[in-house]
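Structure first, commentary second.
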Amino acid sequence: MSEQAAPQGLDALPGDLMMWVLIVSELLVFGAGLAAFMAVRVMDPVGFAEAQDHLNATAAGINTVVLVTSGWFAALALRCSETGQFGRARGLLGAAMVLGVVFLMVKWLEYVAKSELGITFETHDFFLFYYMLTGFHAMHVIAGIVILALVAWKISPRNTEVGAAFWHMVDLVWVLLFPIIYLL
């Protein structure tokens, strides 16, 4: 009786290797952006603090709950997909996508509020980084919604695992952006 050995190295990663390459590269890009933000902040702590006072930390906190909840739905969808409950998995993916849209709407309202105050990329270096980092993240939310829609359309445990991995990367990036940009 032969026992199959547990996967080793890269074979032990859930999902698809190329998705992990994408996730790691995106995390490096966001990491570089956050490092640059922190480096510039050190040079102008007073200006950054004053600029940060114009942010809506409550809206960003709500968005954090929204995005983390959507990640929970994606995780539940994976569990359902693995047990062959594809209809339920699709519904959970749909819920994750809806919450992704809610996140984008709240972010859009934040941008509109800044625009009404005349706050642009050129107002202060803080806002250059704010718009760049949160805008780049919003583009990833849009990409994640598209990926989850494709997964729901072509549902399988592997596809759900790959889509959920990308969605969790989007969650992770926001969980890092939120305190650094809005709270520190």
Side-chain angles (χ1 to χ4, degrees), residues 15 18-75 93 95-151 162-184:
M18 291 313 295
M19 180 56 79
W20 283 104
V21 169
L22 174 66
I23 288 169
V24 169
S25 66
E26 293 300 319
L27 289 174
L28 289 172
V29 169
F30 276 107
L34 285 170
F37 174 84
M38 296 300 285
V40 175
R41 174 185 227 151
V42 166
M43 293 185 215
D44 183 14
V46 173
F48 268 60
E50 289 172 0
Q52 189 180 40
D53 286 341
H54 294 287
L55 297 184
N56 186 338
T58 301
I62 290 167
N63 255 354
T64 302
V65 172
V66 165
L67 209 52
V68 170
T69 302
S70 74
W72 180 60
F73 284 143
L93 290 170
M97 288 184 280
V98 166
L99 289 177
V101 170
V102 169
F103 176 92
L104 292 171
M105 290 171 30
V106 171
K107 179 52 57 196
W108 176 254
L109 293 173
E110 277 189 82
Y111 288 161
V112 168
K114 302 292 163 289
S115 176
E116 289 172 350
L117 294 173
I119 297 173
T120 69
F121 291 90
E122 298 170 348
T123 302
H124 188 273
D125 285 344
F126 175 89
F127 289 108
L128 173 65
F129 282 103
Y130 165 77
Y131 284 116
M132 184 176 62
L133 290 168
T134 62
F136 192 52
H137 179 263
M139 291 182 348
H140 282 77
V141 172
I142 293 167
I145 291 168
V146 170
I147 288 169
L148 293 181
L150 291 171
V151 167
V162 171
F166 184 85
W167 196 246
H168 291 316
M169 182 270 300
V170 171
D171 287 345
L172 173 62
V173 168
W174 183 254
V175 167
L176 295 173
L177 287 176
F178 170 59
I180 291 171
I181 292 176
Y182 288 85
L183 303 178
L184 295 181

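Treat the numbers as computed from the prediction; the structure is a model and nothing was measured.
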- request: Determine whether Val101 and Ile145 make a side-chain contact, defined as any pair of heavy atoms from C-beta on separated by less than 4.5 Å.
  value: yes
query: Knowing that exactly one of Ile142, Val175, Val141, Ile147 qualifies, which makes a side-chain contact (heavy atoms from CB on, under 4.5 Å) with Val170?
result: Val141
task: Measure across Asp171 and Ser70 and return the closest heavy-atom pair with its distance rounded to 0.1 Å.
output: OD1-OG, 4.0 Å
For residues 176-184, run the donor-acceptor check on the side chains, cut-off 3.5 Å, and write out each pair with its distance to 0.1 Å, sequence neighbours left out.
{"unit_1": "Tyr182", "atom_1": "OH", "unit_2": "Lys107", "atom_2": "NZ", "d": "2.6"}
{"unit_1": "Tyr182", "atom_1": "OH", "unit_2": "Glu110", "atom_2": "OE1", "d": "2.7"}
{"unit_1": "Tyr182", "atom_1": "OH", "unit_2": "Glu110", "atom_2": "OE2", "d": "3.3"}

- prompt: What's the spacing between Leu27 CG and Leu34 CG if we round to 0.5 Å?
  reply: 10.5 Å
task: Would you mind listing every side chain to side chain donor-acceptor pair (under 3.5 Å) that reaches into residues 116-126, with sequence neighbours excluded?
output: Asp44-His124
- line: Only residue of Phe136, Phe37, Phe121 satisfying ring pair (Phe, Tyr, Trp, His ring centres under 6.0 Å) with Phe129 is Phe37
Heavy-atom closest pair, residues Ala96 and Ala74: CB-N, 4.3 Å
Separation between NE2 of His137 and CG of Leu67, rounded to the nearest 0.5 Å: 5.5 Å
query: For Ala164 and Leu148, which heavy atoms make the closest approach, and how far apart are they?
result: N-CD2, 4.5 Å
message: Would you call the rings of Phe126 and Phe48 parallel, tilted or perpendicular, taking 30° and 60° as the class edges?
response: perpendicular
query: Of all heavy-atom pairs between Met97 and Ala149, which one has the smallest distance, and what is that distance?
result: SD-N, 3.4 Å
query: With distance as the sole test, does Ser25 use its side chain to make a donor-acceptor pair with the main-chain N or O of Val21 at under 3.5 Å?
result: yes
query: When rounded to the nearest 0.5 angstrom, what distance separates CG in Leu172 from CH2 in Trp167?
result: 13.5 Å
- prompt: Do any pairs count as a side chain to side chain donor-acceptor pair (under 3.5 Å) and have a residue in residues 96-106, sequence neighbours left out, and if so which ones?
  reply: none
field: Nearest heavy atoms of Trp174 and Thr134, plus distance in Å
entry: CZ3-CG2, 4.2 Å
query: Do you know the tightest heavy-atom contact between Phe73 and Ala95?
result: CD1-CB, 3.6 Å
- request: Find the distance between CG (Leu133) and CG (Leu128) and round it off to the nearest 0.5 Å.
  value: 9.0 Å
- prompt: Do Phe127 and Leu55 have side chains that get closer than 4.5 Å, going by heavy atoms?
  reply: yes
Aromatic ring proximity, centroids under 6.0 angstrom, Tyr111 and Tyr131: yes
field: Approximate separation, where rounding is to 0.5 Å, of Ile62 CD1 and Phe103 CZ
entry: 12.0 Å
field: Check: Phe30 ring centre within less than 6.0 Å of His140 ring centre
entry: yes
task: Test side chain to side chain contact (heavy atoms under 4.5 Å, CB included) on Glu26 and Val173 and set out the steps.
output: CA-CA 9 Å; Glu26 293 300 319; Val173 168; over 6 Å; no
